[in-house]
2 protein chains.
Amino acid sequence: MLRLSTKGQYGVRAMYEIARGYPATPVTIKEISERQDVSVAYLEQILNKLRKAGLIKSIRGPGGGYILNRSADKISIASILNELEGPVALTSCLEPEGGCVRIDSCVTHLLWKALGEQVEAFLKTITLKNLMAGDFYALGGTAKKEMRRPVRLKPQSQP
Amino acid sequence: MLRLSTKGQYGVRAMYEIARGYPATPVTIKEISERQDVSVAYLEQILNKLRKAGLIKSIRGPGGGYILNRSADKISIASILNELEGPVALTSCLEPEGGCVRIDSCVTHLLWKALGEQVEAFLKTITLKNLMAGDFYALGGTAKKEMRRPVRLKPQSQP
DNA sequence: TAAAACCCTACCGTTTTTGTCAAGTATTAT
DNA sequence: ATAATACTTGACAAAAACGGTAGGGTTTTA
């Protein structure tokens with residue numbers, strides 16, 4: 001469940017490559033394509049969106065390519081995915097346009113909302129810099145035990 | 001991004017209705033259908049899976065219906081969604097069968113893995129009982145501020 | 001002025017989702 | 001017994017989303 005589209009995945013990986021050239025070296029689509037094994041045409045679509053969103057800027061002509069529009073520690077994974085896949089909205093009710101007729105009677109509404117916020121908060125915390133530095137690996141290792149109870153509910157009355 | 005399928009959504013809502021009858025009153029598909037506004041035929045598919053998974057059991061014949069197989073505080077949202085949508089796997093790499101060729105070189109692999117674990121942990125914490133009791137609303141209200149930093153990364157060196 | 005490189009939009013095959021339909025089988029109240 | 005209730009199962013189909021491809025631009029610079 002909860003699959004991330006390839007667009008989002010490729011987008012983050014592309015941003016990673018672009019970040020590696022920052023601030024001096026523009027990275028071409030072709031280079032990204034080769035390093036991350038994604039077609040040029042598909043990358044064009046993805047990078048176009050990211051450029052319009054102001055996350056990267058492009059330099060045309062020979063010697064051109066893409067560079068970050070701000071430093072890597074100022075670009076969160078959330079901001080990348082938001083542009084490519086829209087905001088986290090686990091149900092159609094929670095989409096910006098809304099449109100849920102039964103919010104009041106819907107028991108699960110707040111559940112999905114809370115989960116969405118949890119995810120968004122997580123992704124906001126992590127930046128391209130984290131991804132590059134690999135201070136990320138802590139999550140898979142030492143922090144694992146901690147991660148087993150990341151939720152703050154009122155204490156449950158369970159024996 | 002990250003849409004939950006209707007099967008998962010309806011499944012949780014159906015379980016909620018069944019939980020309301022626990023332990024004395026079997027709840028019929030028709031009742032669930034009316035209360036949650038989901039077609040009987042579709043519910044049949046969903047409840048079938050949940051029954052095979054041992055979350056509920058069915059009682060046939062007149063007066064029959066579905067009842068929980070164990071108490072509501074022993075059934076997590078995660079267990080429901082897992083049966084209906086499979087485990088959280090944000091990328092195909094992370095599916096049980098695996099199949100990722102480039103794990104070593106994939107910078108984002110651990111990121112998606114960590115996020116998936118975060119989500120799963122969240123859903124495991126919340127039970128049908130929480131959903132019914134509404135001690136859930138804390139998440140939308142008071143706990144909101146807390147939820148803005150649910151991630152435990154090593155402190156980032158950001159000024 | 002030509003090559004490098006980005007820019008844009010349309011389209012299309014496949015898969016997944018979201019169900020419906022039809023024909024069962026089991027159980028029990030009467 | 002038997003009719004009514006209710007679950008069980010598998011096939012199938014419309015519609016949406018996904019995952020790209022194709023092919024034509026435009027801009028910049030060596």
Side-chain angles (χ1 to χ4, degrees), chain A residues 1-14 17-18 21 25-34 36-67 69 81 84-86 89-92 95 99, chain B residues 1-14 17-18 21 25-34 36-53 55-69 81 84-86 89-93 95:
Chain A
M1 67 169 135
L2 292 183
R3 186 86 110 270
L4 211 62
S5 78
T6 57
K7 233 163 196 154
Q9 295 175 46
Y10 295 167
V12 172
R13 278 156 60 187
E17 291 298 333
I18 296 170
T25 316
V27 182
T28 69
I29 283 192
K30 201 178 165 209
E31 286 168 333
I32 300 172
S33 168
E34 285 163 358
Q36 291 293 333
D37 198 29
V38 177
S39 84
V40 168
Y42 201 21
L43 277 173
E44 278 173 348
Q45 287 179 35
I46 293 168
L47 295 183
N48 211 312
K49 281 192 174 183
L50 296 176
R51 181 184 52 82
K52 281 178 181 165
L55 294 178
I56 53 179
K57 58 186 166 189
S58 62
I59 299 171
R60 302 173 86 133
Y66 290 92
I67 60 174
N69 216 358
L81 293 182
L84 295 174
E85 310 199 19
L90 283 93
T91 67
S92 55
E95 272 169 353
Chain B
M1 67 171 135
L2 293 184
R3 185 87 110 269
L4 210 62
S5 78
T6 57
K7 233 166 194 152
Q9 295 176 46
Y10 296 166
V12 173
R13 278 156 58 188
E17 291 296 336
I18 296 171
T25 315
V27 182
T28 69
I29 284 192
K30 201 179 167 208
E31 286 167 334
I32 300 172
S33 167
E34 286 164 356
Q36 291 294 331
D37 198 28
V38 178
S39 84
V40 168
Y42 201 21
L43 278 173
E44 279 171 348
Q45 283 180 37
I46 293 168
L47 295 183
N48 210 310
K49 280 192 174 183
L50 296 176
R51 183 183 52 82
K52 281 178 181 165
L55 294 178
I56 52 178
K57 58 187 167 188
S58 62
I59 299 173
R60 302 173 87 132
Y66 291 92
I67 61 175
L68 297 188
N69 215 358
L81 294 181
L84 295 174
E85 310 199 19
L90 283 91
T91 69
S92 54
C93 296
E95 273 170 354

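Residue numbers begin at 1 in each chain, while the letters A, B, ... track the order of the sequences.
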Taking the side chain as every heavy atom from C-beta outward, state whether A:Ile18 and A:Leu47 have any atom pair closer than 4.5 Å.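 Of all side-chain heavy-atom pairs linking A:Leu47 with A:Ile18, at least one is under 4.5 Å.
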What is the separation between atom [atom1] on [X] and atom [atom2] on [N], rounded to the nearest whole Å?
X       : N      : atom1 : atom2 : value
B:Ile29 : C:dA26 : CD1   : P     : 17 Å
A:Glu31 : C:dA4  : CD    : P     : 14 Å
A:Lys49 : C:dC8  : NZ    : P     : 13 Å
B:Glu85 : C:dT17 : CD    : P     : 8 Å
A:Ile46 : C:dC7  : CD1   : P     : 14 Å
A:Ile59 : C:dC7  : CD1   : P     : 11 Å
A:Lys30 : C:dA3  : NZ    : C1'   : 13 Å
A:Leu43 : D:dT21 : CG    : P     : 10 Å

With a 3.5 Å cut-off and heavy atoms only, can you find an N or O donor on one side and an acceptor on the other between the side chain of A:Glu44 and the base of C:dC8?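 Side chain to base: pair found, below 3.5 Å.
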Closest to the side chain of B:Tyr66, out of D:dA22, C:dT18, D:dC7, is D:dC7
Can a side chain N or O of [X] be found less than 4.0 Å away from OP1 or OP2 on [N]?
X       : N      : result
B:Arg60 : C:dA29 : no
B:Arg51 : D:dT8  : yes
A:Asn48 : C:dC8  : yes

Which is true for B:Lys52 with a 4.0 Å heavy-atom rule: it touches a base, it touches only sugar-phosphate, or it touches nothing? sugar-phosphate
Where do A:Asn69 and A:Ile56 land on the side chain to side chain contact (heavy atoms under 4.5 Å, CB included) test, with the steps shown first? CA-CA 5 Å; A:Asn69 216 358; A:Ile56 53 179; 5.6 Å; no
Looking only at heavy atoms, what is the nearest atom pair of B:Val12 and B:Leu81, with distance?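 Reported closest heavy-atom pair: CG2-CD2, 3.9 Å.
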Any idea which heavy atoms bring B:Val27 and B:Gly21 closest together, and the distance?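 Shortest heavy-atom separation between B:Val27 and B:Gly21 comes out as CG2-CA, 4.1 Å.
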Any donor-acceptor pair under 3.5 Å linking the side chain of [X] with the backbone of [Y]?
X       : Y       : value
A:Gln36 : A:Tyr10 : no
A:Ser58 : A:Gly65 : no
A:Glu17 : A:Glu31 : no

Between B:Thr28 and B:Gln45, who's closer to the 5' end of DNA chain D by nearest nucleotide? B:Thr28
Counting only heavy atoms and a strict 4.0 angstrom limit, can you tell me which residues of residues 2-12 of chain B come near DNA chain C?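 Contacts with DNA chain C under 4.0 Å: B:Ser5, B:Thr6, B:Lys7, B:Tyr10.
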